[in-house]
Protein chains: 2
Amino acid sequence: MENPSDETPARWKGLPSWLLTQTAGHAGRLVADGFSSAGARGYHYRLLATLAEFGPASQAALGRRSGIHLSDMVATINELAERELVERALDPSDRRRNIISLTPAGERRLRLLEKRLAESQDELLAPLSPEERERLTELLSRLLDHHDRRTGTSEEPWR
Amino acid sequence: MENPSDETPARWKGLPSWLLTQTAGHAGRLVADGFSSAGARGYHYRLLATLAEFGPASQAALGRRSGIHLSDMVATINELAERELVERALDPSDRRRNIISLTPAGERRLRLLEKRLAESQDELLAPLSPEERERLTELLSRLLDHHDRRTGTSEEPWR
DNA sequence: CCATAATCATTGGTGCGCCTAACGATCCGT
DNA sequence: ACGGATCGTTAGGCGCACCAATGATTATGG
């Protein structure tokens, strides 16, 4: 989607799903650009933020909390560990586990990413008034909540 | 994102960009599921719809109108041509071009996909009242318009 | 008129986010 | 003690968006 000059009033362009995915695309691009200017991507932020919020944890727990798939967790941690933003340590009490924790550099990086993220939000919402932003957020929250309930989070195969 | 049972109130989950991308994820999944039940995916619908709306055209023109990248156009047309939903013919007046057109089967498939698409919209917006759907659509349109203007569509490097 | 530029179709990549399948290692409940 | 669950890891796929390069063809303007 980077085209010039063609009549483009296609009929699907008013559909909620289209508006959502396209707007989300712009949002994602803004956020990703902000992150990449700090050499990071979405998963990096999510992992760092999760660590900051809940403290050191195993990869599996981090995956649950951040919504990052276990198999992607590995690469994400590798990337962050390479940059020494995060540390992998063996859990003496359970030798299956790694305990991942934030380094001071990681905390600093997180603060940087959060700044970038805040800027992205502003850029994203630029055309909306504060009240409109409020309403949009509320509507999206309702939608997300509804669909999260139906699918994703908290399907209990146990119990 | 298919996890059970973990405290998941992470602080980024109220951010507009998060709400947008996640909701869009659900929307995309709903739509994709609808399409895939007819053996299609997003690009297929977009191409078929573009053909139906603007008539036969070259791959390049279709790309411009549908927002599908030229390089993805090739595969998309291949897939649709295999199923005989679309036809590739040489343009006698310009031997660089292919003229792509919809077959009767293609039109029928498009109608099916449109039905599925409409169902997806309903499912997506289920928790919202008609007025709320209206407001959401309006807000998203404003956002999309704003960002489309700034980036994507209609950067004229010529002229 | 011809050289250069632009356009078209195609190939073969990249990146991100999300996801599945399989595996060995380890732990836990009964 | 054993079977089932959990943990980390590897390998891969899918969909969407995008970039770079190539060979053909056409358009242009000097």
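Within every chain, numbering begins at 1; the chains are lettered A, B, ... in the order of the sequence lines, protein sequences first and strands thereafter. All values below come from the heavy atoms of this structure, side chains included, with hydrogens, waters and symmetry mates left out. The shown structure was predicted, so the numbers you read here are calculated from the model rather than taken from an experiment.
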Can you see if the side chain of [X] gets near the phosphate of [N] - specifically, an N or O under 4.0 Å from OP1 or OP2?
X: B/Arg64; N: C/dT7; result: no
X: A/Gln22; N: D/dC16; result: no
X: A/Gln59; N: D/dT9; result: yes

Exercise. Applying the 4.5 Å side-chain criterion to the ILVMFWY set and letting contacts propagate, would B/Leu15 and A/Leu124 be lumped into a single cluster?
Worked result: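 Yes, B/Leu15 connects to A/Leu124 through the hydrophobic network.
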For this session: Would you kindly compare A/Ala32 and B/Ile77 by the position of their nearest DNA chain C nucleotide and give the one closer to the 5′ end?
Result: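 The residue closer to the strand's 5' end, by nearest nucleotide, is B/Ile77.
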Exercise. Under 4.0 angstrom, heavy atoms only, what part of the nucleic acid is B/Gly25 near: base, sugar-phosphate, or nothing?
Worked result: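 No contact.
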Exercise. How is B/Gly42 classified with respect to the nucleic acid when contacts are heavy atoms under 4.0 Å: base, sugar-phosphate, or nothing?
Worked result: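 If one applies the 4.0 Å heavy-atom cut-off, B/Gly42 turns out to touch the sugar-phosphate alone, with no base involved.
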[X] [atom1] - [N] [atom2] separation (whole Å):
X: A/Leu62; N: D/dC7; atom1: CG; atom2: C1'; value: 12 Å
X: B/His26; N: C/dC18; atom1: NE2; atom2: P; value: 10 Å
X: A/Leu30; N: C/dC16; atom1: CG; atom2: P; value: 16 Å
X: A/Tyr45; N: C/dC16; atom1: OH; atom2: C1'; value: 18 Å
X: B/Ile68; N: D/dG15; atom1: CD1; atom2: C1'; value: 12 Å

Main-chain N/O of [Y] paired with [X] side-chain donor or acceptor, under 3.5 Å:
X: A/Thr50; Y: A/Leu62; value: no
X: A/Gln121; Y: B/Ser17; value: yes
X: A/Gln59; Y: A/Met73; value: no

For this session: Please list, by residue number, the residues of residues 80-99 of chain B whose heavy atoms come closer than 4.0 Å to an atom of DNA chain C; answer none if no residue qualifies.
Result: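 Contacts with DNA chain C under 4.0 Å: B/Arg88, B/Arg96, B/Arg97, B/Asn98.
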What nucleotide, of [options], holds the atom closest to the side chain of [X]?
X: A/Arg46; options: C/dC18, D/dC18, C/dC16; result: C/dC18
X: B/Ala60; options: C/dA9, D/dG15, D/dT10; result: C/dA9
X: A/Arg29; options: C/dC19, D/dC18, C/dC18; result: D/dC18
X: A/Tyr43; options: D/dT9, C/dT20, C/dC18; result: C/dC18

For this session: Check if the side chain of B/Ser71 and the base of D/dC19 share a donor-acceptor pair of N or O atoms closer than 3.5 Å.
Result: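 Yes, the side chain and the base share a sub-3.5 Å donor-acceptor pair.
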For this session: Could you pull out all residues at least two apart from B/Glu119 that satisfy side chain to side chain contact (heavy atoms under 4.5 Å, CB included)?
Result: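 With sequence neighbours excluded, B/Glu119 shows a side chain to side chain contact (heavy atoms under 4.5 Å, CB included) to B/Lys115, B/Arg116, given in chain and number order.
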Exercise. Residues in side chain to side chain contact (heavy atoms under 4.5 Å, CB included) with B/Asp145, at least two apart?
Worked result: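 Side chain to side chain contact (heavy atoms under 4.5 Å, CB included) check on B/Asp145 returns B/Arg149.
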For this session: Apply salt bridge (charged side-chain N to carboxylate O under 4.0 Å, His left out) to the pair A/Glu138 and A/Arg142, showing each step before the final yes or no.
Result: CA-CA 6 Å; A/Glu138 199 268 333; A/Arg142 294 247 310 281; 3.5 Å; yes
